[in-house]
Amino acid sequence: VGFISLVDEPAIMVDWVKLANETKNLSFKADKDKQLLFGPFLIPDMLIYRFDEKLGEYYVRFKREQIEKIATKFNKDLNNRNINFQHSNVKVEAFVAENWVIDGEDKSKKFGFDLPDGTWFGGVKVEDENFWNDKVKNGEVKGFSVEILAELELSLKNNKETLS
């Protein structure tokens, strides 16, 4: 994981390409007093729609074991300050204050989430008060999107009908 991006349309990133919106109504919660954002970074077994010029339309999914490895590597590589805005070169003065992979009863429930085991969940502290006021408080930023440069495994290729 290179960056966690604060985005207007929450999505999960794979191979540096922005994905379509998640089908579930997932958002993150903002602690307005402390300038903290909480929400899922990756959710296991979620089919994620992708499109690119080379491969066309297809879906990807991450298994729990892959998510655990991704989260471990993110933390080991000390990438907690790699936060950007809308997958751009605009870095946000923020950091991942805490993150974990859900396993059983979990404190993510206190933020109003009911997520499956294996979800990578986290909290981001936004230090830039202007960004907080201009992007978070007005609702422009609605979720997290993870930028991952990884070997791509196609779960479903050119098969939208299976989601209907």
Testing the basics here: between [X] and [Y], what is the closest heavy-atom pair and its distance to 0.1 Å?
X      : Y      : result
Phe74  : Val96  : CZ-CG2, 3.8 Å
Thr119 : Pro40  : CG2-CB, 3.8 Å
Gly118 : Ile67  : O-CG2, 3.3 Å
Ala71  : Val101 : CB-CG2, 3.9 Å
Lys91  : Asn82  : NZ-OD1, 3.8 Å

query = Out of Phe144, Phe113, Phe111, which one pairs with Phe38 under the ring-ring contact (aromatic ring centres under 6.0 Å, His included) rule?
reply =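 By the ring-ring contact (aromatic ring centres under 6.0 Å, His included) criterion, Phe38 pairs with just one of Phe144, Phe113, Phe111: Phe111.
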
- Begin from the C-alpha positions of Lys109 and Asp114 and carry the test side chain to side chain contact (heavy atoms under 4.5 Å, CB included) through to its verdict. CA-CA 6 Å; Lys109 290 188 185 305; Asp114 185 19; 3.0 Å; yes

Ring center gap for Phe62 and Trp120 short of 6.0 angstrom =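 Between Trp120 and Phe62, which both carry aromatic rings, the centre distance is not below 6.0 Å.
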
With a 6.0 Å cut-off on the ring centroids, do Phe131 and Phe85 count as close?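 Between Phe131 and Phe85, the centre distance is under 6.0 Å.
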
Excluding sequence neighbours, so at least two apart, what forms side-chain contact (heavy atoms from CB on, under 4.5 Å) with Glu53?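 Glu53 satisfies side-chain contact (heavy atoms from CB on, under 4.5 Å) with Phe51 once adjacent residues are dropped.
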
Hydrogens and angles aside, do Gln35 and Asp128 bring a side-chain donor and acceptor to less than 3.5 Å of each other?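 Side-chain D/A pair, Gln35 to Asp128: absent.
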
Subject >> Under 3.5 Å side-chain donor-acceptor pair for Asn133 and Asn130 >> reply: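 No, because no side-chain N or O of Asn133 sits under 3.5 Å from a partner of the opposite role on Asn130.
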
Which of parallel (below 30°), tilted (30 to 60°) and perpendicular (above 60°) describes Trp100 and Phe121?
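Trp100 and Phe121: tilted rings.
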
Applying the side chain to side chain contact (heavy atoms under 4.5 Å, CB included) test to Lys73, which of Asn75, Ile70, Asp77 qualifies?
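So, applying the side chain to side chain contact (heavy atoms under 4.5 Å, CB included) to Lys73 and each of Asn75, Ile70, Asp77, only Asp77 qualifies.
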
* Given side chain to side chain contact (heavy atoms under 4.5 Å, CB included), test Val90 with Asn84 step by step and report yes or no. => CA-CA 6 Å; Val90 177; Asn84 67 26; 5.9 Å; no

- request: Please assess Ile43 against Leu115 for the test side chain to side chain contact (heavy atoms under 4.5 Å, CB included), listing each intermediate value before the final yes or no.
  value: CA-CA 8 Å; Ile43 300 170; Leu115 298 163; 4.2 Å; yes

- Is the shortest heavy-atom distance from the side chain of Leu36 to the side chain of Val124 under 4.5 Å?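 They are not in contact (no side-chain heavy atoms under 4.5 Å apart), so the answer is no.
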
Glu147 vs His87 side-chain heavy atoms within contact, under 4.5 Å: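 They are in side-chain contact.
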
Would you call Glu98 and Lys125 a salt bridge, using N to O less than 4.0 angstrom?
->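 No, this pair does not count.
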
Salt bridge check: are Glu68 and Arg64 linked by an N-O gap of less than 4.0 Å?
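A salt bridge is present here (some side-chain N lies under 4.0 Å from a carboxylate O).
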
Lys63 NZ to Lys69 NZ distance, which is reported to the nearest 0.5 Å: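 Rounded to the nearest 0.5 Å, the NZ-NZ separation comes to 13.5 Å.
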
TODO: Measure the NZ-CD1 distance between Lys107 and Ile102 for me, rounded to the nearest 0.5 Å.
DONE: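 Answer rounded to 0.5 Å: 11.5 Å.
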
**OP:** Determine, step by step, whether Val126 and Glu93 satisfy the side chain to side chain contact (heavy atoms under 4.5 Å, CB included) criterion, reporting the C-alpha distance in whole Å, the side-chain angles of both residues, the deciding distance to 0.1 Å, and the verdict.
**Re:** CA-CA 6 Å; Val126 177; Glu93 256 186 78; over 6 Å; no

